Amino acid sequence: MSEQWKEDKMPEEVDNIIEKGKKKSPKTATALAIEFFIKVAATVLIVFLLCTFVIGIHVNHSNSNYPMLKDGDFCVTFRHARVYIGDEIVYNNDRKLIFGRIAAMPGDVIDIDGESLVVNGKGVYENAVYPTTAEGAKITFPYTVPEDSVFVLNDYRSDINDSRTYGAISKSDIEGKVVFILRRRGI
């Protein structure tokens, strides 16, 4: 019986040995080129989808958030990040991208007392170099931040092109939270 088994399996084992010994024929230049372009197209598609739906790539063109951001800084934002007080964000205002820092969330009451920022009746300690004033503001204080909005201030507080001029910024206008900064000038 064992000899019968060997005879039955013998041709199959020989076929396996022959198959393993065969070398694959090299790919043609056309096949290699097609494979290369498929990989490049897949990479481009992944990068496009990533930059469209997950991250944003922006260049700062103002000094409104100096010293945090300087003119010419390259910034990467995360579009799906939860934003909190103190976060640096990029938002749309009249089809123009603007950088700013969140000072208050929905329902908070903002007041500017002399050169101090007051949120919900309490003074806010900030790392801002410049004093916060209401001079030139187009909104009246105290100001209550509406639902689904945030109150944004520039770090360079003398530039009042922020929520002191526009009012609260809708959360739908936020492009994303700044997560990476590459300083291109003034290193």
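Any value given below was found using the heavy atoms of this structure, including those in side chains, with hydrogens, waters and symmetry copies removed. This is a predicted model, so every value here is computed, not measured.
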Examine distances only and state if a side-chain atom of [X] and a backbone atom of [Y] form a donor-acceptor pair shorter than 3.5 Å.
X    : Y    : result
H61  : L97  : no
R79  : I55  : yes
S163 : Y166 : no
Y143 : A168 : yes
D173 : Y91  : no
D162 : N154 : yes

So which heavy atom on [X] is nearest to which on [Y], and how close?
X    : Y    : value
L182 : F180 : CB-CE2, 3.9 Å
I110 : A103 : CD1-O, 4.5 Å
T144 : G107 : CG2-O, 4.2 Å
C75  : L69  : SG-CD2, 3.6 Å
N92  : E175 : ND2-OE2, 2.7 Å

Check: Does a side-chain N-to-carboxylate-O contact under 4.0 Å join K96 and D94?
Finding: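 Result for this pair is no, no salt bridge flagged.
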Check: With the threshold set at 4.0 Å, does a side-chain nitrogen-carboxylate oxygen contact exist between K27 and E35?
Finding: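 E35 and K27: salt-bridged.
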Can you find a pair of side-chain heavy atoms, one from [X] and one from [Y], that are under 4.5 Å apart?
X    : Y    : result
I85  : D108 : yes
Y66  : D155 : no
F78  : V54  : yes
L153 : L117 : yes
F151 : V109 : no
S149 : I169 : no
N65  : K70  : no

Using 0.5 Å steps for rounding, measure from the [atom1] atom of [X] to the [atom2] atom of [Y].
X    : Y   : atom1 : atom2 : result
N93  : I98 : CG    : CD1   : 4.5 Å
K171 : I89 : NZ    : CD1   : 10.5 Å
I102 : E88 : CD1   : CD    : 9.5 Å

In the single-linkage hydrophobic clustering (I, L, V, M, F, W, Y; side-chain heavy atoms under 4.5 Å), do [X] and [Y] co-cluster?
X    : Y    : result
I112 : V145 : yes
L45  : F53  : yes
V118 : I139 : no
V179 : V83  : no
F74  : L50  : yes

Margin query: Can you tell me which residue among R101, R82, K177 is in a side chain to side chain contact (heavy atoms under 4.5 Å, CB included) with D87?
Written below: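 The single option meeting the side chain to side chain contact (heavy atoms under 4.5 Å, CB included) with D87 is K177.
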Item checked: Passing option when V90 is tested against I174, T77, N60 for side chain to side chain contact (heavy atoms under 4.5 Å, CB included) ->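 It is T77, the one option of I174, T77, N60 that forms the side chain to side chain contact (heavy atoms under 4.5 Å, CB included) with V90.
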Note to self: Would you say CG of N120 has more than 12 non-hydrogen atoms from neighbouring residues, nucleotides or ligands within 6.0 angstrom?
What the structure shows: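 More than 12 heavy atoms, drawn from other residues, nucleotides or ligands, come within 6.0 Å of this atom.
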Notebook entry, point to check: Is it true that the side chains of S64 and S62 contain a donor and an acceptor less than 3.5 Å apart?
Noted result: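 Yes, S62 and S64 have a side-chain donor paired with an acceptor closer than 3.5 Å.
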Notebook entry, point to check: After noting the C-alpha distance and the side-chain angles of I57 and C51, does the key distance pass the side chain to side chain contact (heavy atoms under 4.5 Å, CB included) rule?
Noted result: CA-CA 7 Å; I57 300 172; C51 290; 3.9 Å; yes
Check: Can you say whether the rings of H58 and F99 are parallel (under 30°), tilted (30 to 60°) or perpendicular (over 60°)?
Finding: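 Judged by the thresholds at 30° and 60°, the geometry between H58 and F99 is perpendicular.
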Check: Which of these, R164, E115, R157, sits in a side chain to side chain donor-acceptor pair (under 3.5 Å) with T132?
Finding: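 The passing option is R157.
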